[in-house]
Structures are given as structure tokens and as C-alpha cells.
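Bear in mind the structure is a predicted one, so any value in this text is a computation, not a measurement. These numbers come from the heavy atoms of this one structure, side chains and all, not from hydrogens, waters or symmetry mates.
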Amino acid sequence: MGPRCLLLLLGAALLIRAEVGDFEKCKKFFYAGVPPAGLSGTPICQSYRNRYRFASLYDRSRRAPLFSAYIFNPGVPWMYEPQLVDQNNDPEMTPFTSCDNLEEIKVNQSIKRDYSNSDYTKGHLNPVMHQSTLEDKTATFTLTNIVPQTEHSNRESWNVYEHLVNHTLSRFCTGDAFIVTGVLPYQQEKWIKDNNNNNRVAIPEYMWSAYCCTKHKDNNVALKGSFPFPAFAALGQNEAAGDLVPVNPQSSELNRHYAVNLISLQELQTQLSQRFNSEVQIFHRDCQPG
């Protein structure tokens, strides 16, 4: 390793840290400190500048996260997780440099080149707009928070939903708002492939998200549809072929293919349970206080 590479890595080590293994050190990002039930993967406590910023459940086989969980707080280089390469590595969420052994890294996770070889954008599960500080925003730029998202979903329909949540929670939630955002894989997996036609990163068929806010001003908020409290959810088409999201015939042809459906927490959990063949509960006690 050359001197320049060493300096780059040492500089990163002073700033960025992440831990793979369990959610114990970052359970504060889950309502009541309890992670979602019924989903399996590798837990990651995502941290930056020696402070935990959010949590992700990562699927090594798909080289993509299943969900990211964070506290809504509105108001940079791509990184990877060294412990997904080797459990003995230092738990640093590390920027990619020319010194990194990409052949080792790419066994269990995606790399920047995967997205360069595809028509998909890098879709944040924990979005920048739901974080306020530069450090919290920067921490979302790790590839373990990223899924392959179609450009229209990322820039248009799902982006509109993220803005609606931003507006609703900023106006009406008076306590902590816990958000979990994840993906629904295809039943028959669909992949970003490399130049040798090898499967690299699994493409989600749907995006989903749910919020939990137990302290709020109003019990039912009307904002382009009903956004009730304490919990609400959404399921959005990432690809144009899905059939779980009802189509609004009055929408433009493009928006009909990438629709986002606002649904109850219970409806979302039912859809996830059926797809994952497991009883999924996103929030402890379904976000009911007491």
C-alpha cells in the first residue's frame, strides 16, 4: 500500500465507523428499541464520526440492504462495510479508494462499478432529505444503504412520497418519529449483472416504508390522502411490472407504472409476510403506546 493510500485510509478511519453483527448498540433507532421481526439478514449499526446514525439489515446474498431504520430528523464519497469482507477487519464504514481490493469487497456487497454498469440509480433507503446535519446526511452515502432504483421511482414517485412524509411529520409529529424503509425482492430474482453476466446486485420489485410517531398534534391528517397517526405506510413500484399497487387510471401513463400506494401498517405487514413467507412486524406492538 503506497503512502498516499495509507493517508487516505487513515484519514477515513478518524471520521467514519460502522459495526456489523447485531443491533444492540444502535437499537435506539427502532421504536421501543425493538428491531422489525420476521426479516433475516446481517445487522449493521451505521455510524459516522464515532456516532451511530442509523441501522440497516443487509442481505449478503443479494448484495443489498433489506431495510434501513432511522429517526426522522430533517432540517460525499460512497462507502462500504469492511466487516462484510472479513469479520476481523476494523469496523470502519470506509470510502472506496484506488487501494481497495475490489475482488474481496465485491464477494458480499455491491461496489460503485455495479451501478455504473446498469440503468439503475443508487436509491437511498435512509434518504438525505430526512436528515438535518451534514454528518447525518453524509452517513447515508454508504452502499449498504443503497438499492438499485429505477430513475423515475427515485426522482419522481418515491421522491414525492418522501417529501410528503417530510411535510407531515415536520408539521404534526411532536416526538420522535421512527422510520423503517425497505425493499420487496422479486419472487424470481432479477439482477444487475457484471460484464461477465454474473449476478451482482438484486433489483427490488417494490419499495416500502413505514413511520411510527406516538406523540403528535392530530389523530388524522389529510394531505393528498390520509396520513393517520401513530403509524402509516407506503408500498411503491420500483419496476413497471408489479401488481401489488393499485393503478390510478387518471394518472399519467408513466406514473401508473411507478405508483406509490399509501396503506396502513397492517396492510404493509401482510404484503411483506406473504412475500417473505414469515410473520413480519415492523414496529413493536404495531407502534401502539403502552
Main-chain N/O of L134 paired with T138 side-chain donor or acceptor, under 3.5 Å: yes
Could you report the tightest heavy-atom contact between P230 and Q288, atom names first, then the distance? CG-NE2, 3.9 Å
Between the main-chain N or O of T181 and the side-chain N or O of S209, is there a donor-acceptor pair closer than 3.5 Å? no
Roughly how far, to the nearest 0.5 Å, is the SG atom of C173 from the NE2 atom of H216? 8.0 Å
Ignoring hydrogens, what is the shortest heavy-atom contact between Y211 and P228? Give both atom names and the distance. OH-O, 2.9 Å
S273 side chain to V280 backbone, donor-acceptor under 3.5 Å: yes
Does any N or O in the side chain of R171 come within less than 3.5 Å of the main-chain N or O of K217, such that one atom is a donor and the other an acceptor? no
With a cut-off of 6.0 Å (strictly less than), are more than 12 heavy atoms of other residues, nucleotides or ligands near CD of E279? no
Value for OH (Y186) from CD1 (I203), rounded to nearest 0.5 Å, stands at 7.0 Å
From N261 CG over to Q271 CD, what is the distance, rounded to the nearest 0.5 angstrom? 9.0 Å
Would the distance check show the side chain of R62 and the main-chain N or O of A202 forming a donor-acceptor pair, the cut-off being under 3.5 Å? no
Just do the side chain to side chain contact (heavy atoms under 4.5 Å, CB included) check on N159 and M129 with the steps written out, would you? CA-CA 10 Å; N159 183 263; M129 78 168 70; 3.6 Å; yes
Between the main-chain N or O of P204 and the side-chain N or O of N238, is there a donor-acceptor pair closer than 3.5 Å? yes
So H124 and F141, would you call those rings parallel, tilted or perpendicular, with 30° and 60° as cut-offs? perpendicular
For the residue pair P65 and V147, establish whether any side-chain heavy-atom pair is separated by less than 4.5 Å. yes
Single-linkage hydrophobic cluster, 4.5 Å side-chain cutoff, F232 and V160 together: yes
Please evaluate residues Q46 and S56 with respect to the criterion side-chain hydrogen bond (donor to acceptor under 3.5 Å, both in side chains), reporting the C-alpha separation (whole Å), side-chain torsions for both, the decisive distance (0.1 Å), and the verdict. CA-CA 7 Å; Q46 308 273 19; S56 299; 3.1 Å; yes
Can E239 and Y120 be said to form a side chain to side chain contact (heavy atoms under 4.5 Å, CB included), step by step? CA-CA 11 Å; E239 299 269 76; Y120 293 87; 3.0 Å; yes
Any side-chain heavy atom of I179 sitting closer than 4.5 Å to one from L169? yes
Beyond-backbone contact of Y48 with T133, side-chain heavy atoms, under 4.5 angstrom: no
Between R51 and D136, does at least one N-O distance fall below 4.0 Å, as a salt bridge requires? yes
Would K193 and V201 satisfy side chain to side chain contact (heavy atoms under 4.5 Å, CB included), going step by step from the backbone distance to the final call? CA-CA 7 Å; K193 294 178 179 287; V201 187; over 6 Å; no
Could you check F30 against F283 for ring-ring contact (aromatic ring centres under 6.0 Å, His included), going step by step and ending with a plain yes or no? CA-CA 8 Å; F30 303 105; F283 300 116; 9.3 Å; no
Show the nearest heavy-atom pair for residues W191 and S61, with the distance to one decimal. CH2-O, 3.4 Å
Considering non-hydrogen atoms only, spot the tightest contact between P74 and N166 and give its length. CB-OD1, 3.7 Å
Any side-chain donor near an acceptor of the partner, D286 and Q269, under 3.5 Å: yes
Heavy atoms of A234 and V260 approach each other most closely as CB-CG1, 4.0 Å
Worked check of side-chain hydrogen bond (donor to acceptor under 3.5 Å, both in side chains) between R53 and S47: CA-CA 5 Å; R53 307 288 173 168; S47 148; over 6 Å; no
Has the side chain of N196 got a donor or acceptor atom that lies under 3.5 Å from a matching backbone atom of N198? no
Kindly check if the number of other-residue, nucleotide or ligand heavy atoms within 6.0 Å of CD (Q266) is above 12? yes
Assess the side chains of T150 and N154: does a donor N or O sit below 3.5 Å from an acceptor N or O? no
Measuring only between side-chain heavy atoms, which start at C-beta, is Q281 closer than 4.5 Å to P36? no
One should read off an interatomic distance between T42 OG1 and Y58 OH, to the nearest 0.5 angstrom, of 9.0 Å
To the nearest 0.5 Å, how far apart are CD in E267 and CG in L262? 10.5 Å
Ignoring hydrogens and angles, tell me if any N or O in the side chain of T168 forms a donor-acceptor pair with the backbone of V165 under 3.5 Å. no
Taking the six-membered ring for Trp, are H130 and F72 closer than 6.0 Å centroid to centroid? yes
Residue pair K122 / L143: nearest heavy atoms and the distance that separates them: CD-CD2, 4.4 Å
Do R275 and E205 pass the salt bridge (Lys or Arg N to Asp or Glu O under 4.0 Å) test, and can you show the C-alpha distance, the side-chain angles, and the key distance before you say yes or no? CA-CA 11 Å; R275 180 60 60 92; E205 186 176 10; 3.2 Å; yes
For the residue pair Y31 and H284, categorise the inter-ring angle as parallel (less than 30°), tilted (30 to 60°) or perpendicular (more than 60°). tilted
Might you work through the side chain to side chain contact (heavy atoms under 4.5 Å, CB included) test for W208 and L272, ending with a clear yes or no? CA-CA 9 Å; W208 60 265; L272 297 182; 3.6 Å; yes
Going from CZ on F276 to CG on L66, what distance comes out if it is rounded to the nearest 0.5 angstrom? 5.5 Å
With ring centroids as reference points, do Y70 and F178 lie under 6.0 angstrom apart? no
Going by atom types only, do E156 and Y161 share a side-chain donor-acceptor pair under 3.5 Å? no
Under 3.5 Å, is there a donor-acceptor pair between the side chain of N145 and the main chain of N126? yes
